[in-house]
Structure formats: structure tokens, C-alpha cells
Amino acid sequence: MSGAGHAQFRYTQTPSKVIHLRNLPWECHEDELIQLCSPFGKVVNTKCNVGANKNQAFVEFAEQSQAIAMVSYYASSPDPAHIRGKTVYIQYSNRQEIVHNKSPGDVPGNVLLVTIEGVEAGDVSIEVIHLVFSAFGFVHKIATFEKAAGFQALIQFSDAETACTAKNQLDGRSIPRYLLPPHVTSCNLRISYSAHTDLNIKFQSHRSRDYTNPYLPVNSTAFEGSLQPGLGTDGKKLEPESNVLLAAIENMQYAVTVDTLHMVFSSFGPVQKIAMFEKNGGTQALIQYPDVTTATVAKEALEGHCIYDGGYCKLHITYSRHTDLNIKAYSDRSRDYTIPNPNIASSQLSGVPSASTTWQTHLVTSEYPNSGYAAAGPVDPSQEPSSWPPGASPAAGSIHMGFQPDLRPGVSSPPYYGK
DNA sequence: AGCACA
């Protein structure tokens, strides 16, 4: 009957222009709250991600009548409010206004604090983390650690804007499943801003990387027993690591030049040498980095990805057995970028036997009858290390390919970040 | 699914 028909009307609350929402999806965004609430009035303030589970929120209307309208509506509506498919429970807050205490994690900065939920530290390698976050810009440094909150990583970008983009795109989502070990079904990323601005990375190790300083000493002991599980989630690849990568280019519908490869592989560190050759009817290339760590990073990041959208020029990367390529000639198929200023003659390569044909059979192990560097065109082959990292001047810029292969959110791989 | 922060 009247008065809701129940003798006990326990849910009577004093109205407030602030409503309390609970059972929200994890890390619900402010705009989702506004979208839900604005039909009832003007939202003047919100506070999201409240409570231990971050699944509560407050919304403050301009007028109390607006809050009453919303609470009343959903109190009698047959279908409840929902956000992202979850039923949202709404009531008046027991406070009359939202007081904004911005938690430190909400203050934007260039360093993100990422909590990877539901995984052991060994489940997600630093290469995977680097790959995922590199989709948004150059990642300067990564430090990982285990805390009570779980497996966490600090990711340093150039600026807060880049970090913000990455945060917005990845917060609450999972690392693509194909990058996770089989036994991990999902691993939600919880991302906030760190107060740090510049991480102090002392070693390249299985738990920390400085991509701006490839010459940082490698803490090799830190790698032992833990590096190769990075690939060894399946434990199948037993191929020894190397600073030289062998890249097979499949479905090469577009021309891939040594310059293309240099651009692509330079994203991960200074490329010292490149040699391209034909083998088994396909194009392959050897890419030499100064160290195994950089090569590993590049390998993890690029394996299986395509240089061009649409599945063209797919890279299959393994470790080469070589450690130092013996580049004899500066040609369209081989380069030695470590040579400071090879007196580049203006003549063409005409007098020099085709390096590429020699490469495919002898590679670096063989001795070359003709020594010395071949003549070259006007291109300056000396890529001084200072041209790296490509943070300011993206290596991928000039070729239109925007090389963040399959991981650009919303471009070529929306499904990867589902959920 | 039930109220924030220093």
C-alpha cells in the first residue's frame, strides 16, 4: 500500500545532491558516470575508483532535485542502471558534497605505475611489457618489482601526454593473450601515475631496462635462469641467444631495403650491421646489435609482426649463430654502421662483386677475396649512436608505416585488447 | 552490493 507497502522502509535516506554508485566495473571512467547521470541533471563533480576494489563512485549534481530524479527513477525502474554491462546500484550519498582529494596516483606524470593483476612475476617478461607500452611512444625505462599489490612495473615515457594516452588505452585491459603464457587467462593492468619522473636504472636485467642507454652494464647474473623463460613459457625454443638476429621476411609484397630494416630494428637500440641475402627463395637478413639484451628486446618485440599493415613483410626472427658480421662492402644489401667515416668514394659498386650473392652461401664465416669497403652512393652510412634512441625523431616516420606493428590500439589490432 | 581522505 502506500509508503511502499513495507512496514520496514529501511532504505530511506536523507537526499543529497551527491549519489553513491556501487558495483561499478573495475576502474570505471568518469565519462561513463557522466553518461549515465547527465540525463537527470547537471553533473558538477565526480569521484571514481573509490573503495578497496575501486568499484564505487560518487557523482554530484548541481541540484539536489536532479539527484532525487535519478535515484527515484532507478528505484522504480524495471531495468536497472548499468555500465559496461554491470548493474549499477545507486543511492544518495551520506555526504552533501564531494570533497576532492586527488590521490597521488591521479596526478599525471611521464611515469606510469602498472600493476599486473593475476600473474606471477615470471609470467610477464619485461619484453612483453615493453612491447605493449611501446605502442604509444618511446619507452625510456622500465623497472619491475614485486610488492604486496602484486607484480608491478614503472614505465617511463618521454612526457605525461604519452603516458596519459597509454594509461587511457590500457588501464583495466589485459595484455594480449598471445603474449601471455598458456596458463594465464587474463592479467588486468591497473595503471596509475607514479610520482617519479626519471627512473634510476642501474643494470639491464630481467627486472629493469634503460632503453636510452644500451651500453648500461648487463647484470648477467640477474638474467641467469630467468631470461629465457621469457620465450620459454612454452619452453620449446632452445636456440642460444645472440646479439645478432636472423630475420626471415615472409610475404614480401613490398620492397624491403636495408634502410627499411635499419629503421625498424633501430627502434630497439643501435644497429651495428645489417646484411641481407636470399635463401630458399625468400629474403633474409642478419641484424647485429651491440649486445644480446638489445637483440632480445628487438626479437621479442618484432617476432611475428609485419613491417607493413595487411600481413605484408612478416618478420620471423631467430637468433643467429653469428656474433660479429663481417661486412666487407657498403652496398644495397649490407651495411656496417659502426664505421665512422668510410671514405666513401663517389664511384658506384660496379667493380665489386655482388655482396648479396656471396652472402647467401658464405655469410660471415667466409673470407672474402676482395677486402676493403666498397664504394657507395651519397648516403652517409655512419649512424652515430647518438641518433638513437628514436624518441624525438621516430625512426618509423619517413616510411609511412608507423611501425608499431600489430599493437596500435584501434588501428590494426583492436581485438587484442578486448575486455 | 552499502560511503571517499589526511
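Naming: A, B, ... by sequence-line order, numbering from 1 per chain.
The CD-P distance, from A:Q91 to B:dA1, rounds to 13 Å in whole Å. When rounded to the nearest whole Å, the span between OH of A:Y92 and C1' of B:dG2 equals 16 Å. When rounded to the nearest whole Å, the span between CZ of A:R95 and C1' of B:dG2 equals 14 Å.
Pairs engaging residues 51-66 of chain A under the side chain to side chain donor-acceptor pair (under 3.5 Å) rule: A:H20-A:Q56 [sequence neighbours left out]. Among residue pairs with one or both ends in residues 143-156 of chain A, none qualify as salt bridge (Lys or Arg N to Asp or Glu O under 4.0 Å); sequence neighbours excluded. The list of ring pair (Phe, Tyr, Trp, His ring centres under 6.0 Å) pairs with a residue in residues 80-115 of chain A, not counting sequence neighbours, is empty. Among pairs with a residue in residues 181-205 of chain A, those fulfilling salt bridge (Lys or Arg N to Asp or Glu O under 4.0 Å) read A:E117-A:R190, A:K141-A:D198, at least two apart in sequence or across chains.
In this structure, A:Y73 and A:F40 have tilted ring planes: the angle between them lies in the 30° to 60° band.
With 3.5 Å as the limit, one finds no donor-acceptor pair spanning the side chains of A:T162 and A:T165. With 3.5 Å as the limit, one finds no donor-acceptor pair spanning the side chains of A:Q204 and A:T293. For the residue pair A:Y289 and A:T296, no side-chain donor N or O sits within less than 3.5 Å of a side-chain acceptor on the partner.
Across residues 16-47 of chain A, A:H20, A:R22, A:N23, A:K47 each have a non-hydrogen atom less than 4.0 Å from an atom of DNA chain B (numbered order). In the region residues 49-78 of chain A, proximity to DNA chain B at under 4.0 angstrom, judged on heavy atoms, holds for A:V50, A:Q56, A:F58.
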